[in-house]
Amino acid sequence: MTTDKRENNKQKVIFSGAQPTGSLTLGNYIGAIQNWKALEDQYECYYSIVDLHSLTIRHDPKAFRKSNLSFLAQFLASGLNPKKNVIFFQSHVPQHAELGWILNCNAYLGELNRMTQFKEKSETHKDNINAGLFTYPVLQAADILLYKTNLVPVGEDQKQHLELSRDIAIRFNNTYGKVFEVPEIHMTKVGGRIMSLQDPTKKMSKSDEDANGTIFLLDDDKVIIKKLKRAVTDSENKVNFRDEQPGIKNLMTIHSKLSGMSMEQIENEYEGKGYGAFKNDIGEMIVEYIQPFKEKYNEYMTNEDYLEAIYKQGAERAREKAEATMKVVRKKLGLVKF
Ligand code: TYM
């Protein structure tokens, strides 16, 4: 955060995060991170690697530690400037878990039962439907409310969790007196939901069993081109942006977000050319687009000391803000001061 931003206490606050599971996908990048970068000059921004959220799924601790550091390197390689943004691990700020518990006592079972992500995850992890998976959206609300966040840039899949965070903030403020800002969701008009390349009715996901459906930013160039070649399309053989052609619509969205071209320009560019050239061009475009990301990522990964300096500094700044909020929360609740 620049000094200017800190001095200006009217500066609005942004919080967002990503789970350090697997590696970042093109969906994460287009749906969220591309926006984070765009907002860093106008807001006081907190971007967290939400490691506690990832504990809802069974994991190998050794691999998890690596994946956490890799995510930090991926955040930085995406261009997030640690001088302008507070970048930190969620677990380094214990106030997240503290507020999470408090908000659990202000969230209703009925609300949590309606969460579609819980229903989906319970389906895919039938042998481990743990309580954390169920209360996950409450911890997410704590992440957001802890920083008195005004704006949360996320993809479309997080909309329901954001609505719950708003409801909890309003309920808490009405019950105990105003503490929290009621956060607004920030989503791109195009690209809020990048779909799987193998099933364009499903969102592109880190945890998709079919890796061909997902582009990972750390995929090999050849793998990316191959995944694009195999992307599911249709038999219309026309590059048109319409709901009846969900595969093409998704590919056009990716093209547009990376090239900056409008859908109309893309339609004109590929008129009469067929899908082969279209898919190949997008593959090459992705490879070229993420080349600098990969180079920076490799540099950061060879410098663990630098990564440590960044996450320690980030946690310190985040704790300062989080503790200021928690002091008020504890007082409002009638907890005895320590
Ligand atoms: P996660 O880690 O699944 O995803 C990180 C961000 O990427 C967006 N995203 C997508 N956007 C477009 N198309 C897709 N296919 C796609 N897949 C993912 C997500 O919407 C998200 O913005 N619960 C969150 C992490 C979280 C969080 C928070 C986010 C925890 N606490 C507080 C915001 C605020 C999650 O699992 O994101």
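The model shown is predicted, which means the values in this text are computed figures rather than measured ones. One-based numbering, in listed order, for ligands and for the atoms of each.
Classification of Glu156 and Lys203 as a salt-bridged pair fails, no side-chain N sitting under 4.0 Å from a carboxylate O. Lys327 has no carboxylate O lying under 4.0 Å from a charged side-chain N of Glu320, or vice versa, which leaves the two without a salt bridge.
Looking at Thr25 and Asn28, their side chains do bring a donor and an acceptor atom within 3.5 Å of each other. Side-chain contact of Glu181 with Thr149: a donor-acceptor pair under 3.5 Å is absent, judged by distance alone. Using a 3.5 Å distance cut-off with no hydrogens or angles, the side chains of Thr124 and Glu120 do not pair a donor with an acceptor.
Applying the under-4.5 Å side-chain rule to Ile, Leu, Val, Met, Phe, Trp and Tyr, the cluster around Tyr136 consists of that residue alone.
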Can you list every pair where an N/O of ligand 1 is under 3.5 Å from an N/O on the protein?
unit_1   : atom_1 : unit_2 : atom_2 : d
ligand 1 : 2 (O)  : Gln19  : N      : 2.8
ligand 1 : 2 (O)  : Lys206 : NZ     : 2.7
ligand 1 : 4 (O)  : Asn28  : ND2    : 3.2
ligand 1 : 7 (O)  : Asn28  : ND2    : 3.0
ligand 1 : 11 (N) : Gly27  : O      : 3.2
ligand 1 : 13 (N) : Ile194 : N      : 2.8
ligand 1 : 15 (N) : Ile194 : O      : 2.7
ligand 1 : 15 (N) : Met204 : O      : 2.9
ligand 1 : 20 (O) : Gly155 : N      : 2.8
ligand 1 : 20 (O) : Asp157 : OD1    : 2.4
ligand 1 : 22 (O) : Gly155 : N      : 3.2
ligand 1 : 23 (N) : Tyr136 : OH     : 2.7
ligand 1 : 23 (N) : Gln140 : OE1    : 3.0
ligand 1 : 23 (N) : Gln158 : OE1    : 3.1
ligand 1 : 31 (N) : Asp143 : OD2    : 2.7
ligand 1 : 36 (O) : Gln19  : NE2    : 3.1
ligand 1 : 36 (O) : Tyr136 : OH     : 2.9

